[in-house]
Each structure stands twice: as C-alpha cells, then as structure tokens.
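Report on the following structure.
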Amino acid sequence: MSKRMLPLGKPVRSPVIISVAQFRPEKIRTCLGRSSNLWGGCRNKQDEERLQKLKERCRELNLDKFVEFRGIVEETSVVSGAANVADFFPALRRLGWHGPERKLAWLQRTRDALIGEFIKRHRFRRRRSGSNGEAAVAIGNGDKGRATVIDVMLSLQESDPGTYTDVTIKGLIAEILAAGIDTSAVTMERAMCLLLIHPEVLHAARAELDAKIGQGRMAEEDIPNLPFLNFIINETLRLYPAVPLLMPHESSQDCTVGGYDVPHGTMLLANAWAIHRDPNTWDKPQEFKPERFQCEGGKEEAGLRMLPFGSGRRKCPGESLAMRVIGLALVTLIHCSSGRSFRGRR
Ligand code: HEM
C-alpha cells in the first residue's frame with residue numbers, strides 16, 4: 001500500500017479510534033495493557049449510553065459487519081492453528097474425518113459472503129453518488145472523502161472488468177483484512193503493555209506529544225513527525241514481532257546460506273524473533289530501549305537485523321498503513337492516560 005493510498009480509510013480510522021477513547025477513557029486508563037475486554041463490565045447507565053453511542057457510530061461507518069469479520073478471522077486462526085488428529089492418524093481421513101477442513105470451508109464461505117456484502121454496499125453507494133469510475137476520484141477527492149480500498153477496486157473494475165472481477169476483489173480484500181487486523185492489534189496491545197511497565201518511556205512519549213502536537217488535538221498526518229513514537233513502535237516490533245517466523249518461502253534454486261546447502265524447492269522460515277534478539281548484533285537485546293533506534297539511525301539502518309515486515313519483493317505491503325494506525329492508536333491512548341481530553345480533527 002503506497003503512501004499515495006494511505007489517505008484511503010482515513011475518514012473511518014480517526015473517528016473510530018477517537019470514539020473508542022472517548023467511550024471509556026477511565027477504563028482505558030486503568031486497563032491499558034491488560035488484555036481485558038474494553039467493552040465488558042458496563043456498570044452504570046452512563047457507560048451503557050456511551051456504549052450504545054459507540055455502536056451507533058460503528059453502524060454509521062458501516063463497521064458493524066467488520067466486527068463480525070474480525071470474529072471470523074479469529075476463529076479461522078484458532079481452527080487452522082489447532083492440532084488435527086488426522087495428521088497423527090491419517091487412516092481417519094479414509095474413514096471420512098474432515099473436522100477442521102469442514103469448519104475452515106464453512107468459515108471461508110461465511111467470510112466470502114460478508115465481503116460480498118461489503119462490495120454490494122459500496123457498489124450501491126457509488127451508483128447512488130454517481131461516481132464516474134475514475135480511480136483518482138475514489139482516492140480522496142470524490143465521494144465526500146469517504147473513498148475506501150473497495151471503492152478504488154470497483155473503479156478499476158469499471159475500467160478493466162476482465163482483470164478486476166468480483167472474485168479477485170474478494171480475494172484481495174480477504175487477504176488485506178486477514179493480514180492486517182490481528183498483526184496491528186497485537187502490536188498496539190504489546191506497545192501499550194511496554195509503555196505501562198516503562199513509565200519513563202511513557203513520560204518521554206508524552207513530552208514529545210506536548211512539544212510537537214500540543215494538547216487537545218491530534219491528527220493522523222502528525223504521526224510521521226513524532227520520531228520517538230516511531231522508535232517505540234519499532235522497539236515493540238523488534239521485541240515482539242507479530243509474525244515471529246515471517247511467512248514460509250520456497251527456494252527457487254539450489255543455494256548456500258550460512259554454509260548450509262539449500263536445495264531448490266525447500267521451505268524456508270526466517271526466525272525474526274531470534275534475529276531481533278541476537279546478542280551478536282544488538283546491544284542488550286532483551287531490554288526495551290526505544291532510543292536505540294535514534295542512535296542506530298532508525299529501522300532502515302538496522303537492515304536485515306530488523307525484519308518485522310519481512311524483506312524483499314514479498315515484504316508486507318501494509319507497513320506504512322500499520323505504522324500509521326498503530327501510531328494513531330498509541331497517541332490517542334497516551335493522551336487518555338494523561339487524563340486529557342481532545343477533539344478529533346478530520
Ligand atoms: C504490525 C503490523 C503488521 C506486521 C508485523 C506485518 C507483517 C507481515 C509479514 C512478516 C509478512 C510476510 C512477509 C514475507 O513474506 O516475508 C506480511 C505480508 C503481508 N501483509 Fe503484513 N503486517 C502488518 C500489517 C499489515 C497490514 C495493515 C496490511 C494491509 C492493510 C498487511 C497486508 C499484508 C499482505 C497483503 C501480505 C502478503 C504479501 C505477499 O504475500 O506478497 N499487513 N505482513
């Protein structure tokens with residue numbers, strides 16, 4: 001996802017993150033970092049009213065279905081990660097045992113139906129607003145700034161229907177959502193935990209916010225101008241890469257890596273977790289020290305010692321978006337944790 005595409009979804013991202021923070025700032029302050037359920041345990045009428053408001057806001061922004069989608073992604077990762085008895089007793093397959101496969105096929109059908117619904121809604125909205133199908137219109141200028149990735153794909157479909165079929169769009173959306181939701185959520189959670197157990201870092205992050213953004217406001221565009229915040233995210237990704245073994249790759253030809261012969265067609269896993277904590281290349285690798293990225297000239301200079309998003313041609317295309325969304329959530333929560341209120345700025 002290029003920098004040019006980053007504005008897509010911005011009208012949804014910022015208000016939702018702000019709504020969540022405004023919903024229960026006191027709960028965020030006390031539960032920050034614990035994997036507690038933000039929505040659970042509404043004890044009083046005021047909480048209930050705020051929860052209703054937040055749900056309405058999600059409905060207005062068409063996010064109710066995304067919550068359902070997240071449930072499917074979570075269940076899929078549980079089912080696909082669980083041990084399959086038939087792997088240990090293959091004879092079971094011949095007897096017709098296909099438990100996890102059936103469940104996964106059902107989850108895939110449910111997921112496809114949901115994405116089909118997103119596409120239908122977007123197509124309807126585009127027709128109603130009379131969009132002329134230009135991709136440029138979808139990227140920010142038209143549709144009252146509410147253009148999304150699906151809008152861009154639908155506009156490409158209008159100009160090249162043979163390539164951008166509904167099946168292709170569904171596959172792309174499924175891949176983007178499945179690859180982007182949990183990785184970003186888990187990194188935010190870990191960054192918040194780390195800030196809580198390192199109050200001096202939280203203090204420094206707040207000082208940077210005060211100096212560069214000021215009190216009572218926040219905007220997505222400010223995130224790249226907050227170096228210390230970005231060091232915190234990098235250090236979190238170094239210690240806790242969301243995809244510790246990256247994705248499996250396959251050698252396209254015979255080669256030698258570190259003295260080991262790797263034949264063509266071998267499945268290769270890069271252990272990012274171990275690489276990020278290698279004492280030969282990192283100073284005090286087990287410690288949380290965001291400032292190390294300042295001394296070492298940032299993540300880019302760390303080169304292949306730091307690969308939370310992979311490397312090369314198949315590197316994660318969502319890196320810039322992830323850094324921005326995680327930054328936005330952290331800034332919002334840092335503001336909350338200092339007991340300040342803020343107004344969202346579009
Ligand atoms: C902290 C957040 C994220 C982390 C740590 C992360 C990490 C990764 C990693 C390690 C890979 C595999 C790279 C490889 O094969 O070597 C990957 C692939 C991918 N990521 Fe991310 N990702 C994040 C967020 C996102 C977001 C927000 C999106 C989309 C909006 C996204 C979309 C993708 C896609 C589509 C692929 C597959 C690329 C391909 O196979 O060519 N990721 N990601």
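Read the numbers this way: they start at 1 and go in the same order the structure lists the ligands and their atoms.
In Ile326, the part holding a heavy atom less than 4.0 Å from any atom of ligand 1 is the side chain. In Val243, the part holding a heavy atom less than 4.0 Å from any atom of ligand 1 is the side chain. Looking at Pro308 against ligand 1, only its backbone comes within 4.0 Å, counting heavy atoms.
Atom numbering of ligand 1 starts at 1 in the shown order; those under 4.0 Å from a heavy atom of Arg314 are 13 (C), 14 (C), 15 (O), 39 (C), 40 (O), 41 (O). When each atom of ligand 1 is checked for a heavy atom of Leu321 under 4.0 Å away, the hits are 30 (C). Atom numbering of ligand 1 starts at 1 in the shown order; those under 4.0 Å from a heavy atom of Glu175 are 35 (C), 37 (C).
At under 3.5 Å, a nitrogen or oxygen of His249, whether backbone or side chain, sits near a nitrogen or oxygen of ligand 1.
For atom 32 (C) of ligand 1, the candidate residues are Ala179, Gly310, Ser184; the nearest heavy-atom contact is made by Ala179.
In this structure, Leu304 belongs to a hydrophobic cluster whose other members, linked by side-chain heavy atoms under 4.5 Å apart, are Leu246, Ile275, Leu307.
The aromatic rings of His198 and Phe288 lie tilted to each other, with the angle between the two planes from 30° to 60°.
Side-chain contact check for Thr165 and Thr168: at least one donor-acceptor pair (N or O, by modelled atom type) lies under 3.5 Å.
Sparse packing is recorded around CD of Gln253, with 12 or fewer heavy atoms of other residues, nucleotides or ligands lying under 6.0 Å away.
A salt bridge is absent between Glu117 and Lys120; no separation between the charged side-chain nitrogens and carboxylate oxygens falls under 4.0 Å.
Distances from ligand 1 to the non-hydrogen atoms of Glu319 include no value under 4.0 Å.
For the side-chain hydrogen bond (donor to acceptor under 3.5 Å, both in side chains) test, no residue two or more places apart in sequence or in another chain qualifies with Glu175.
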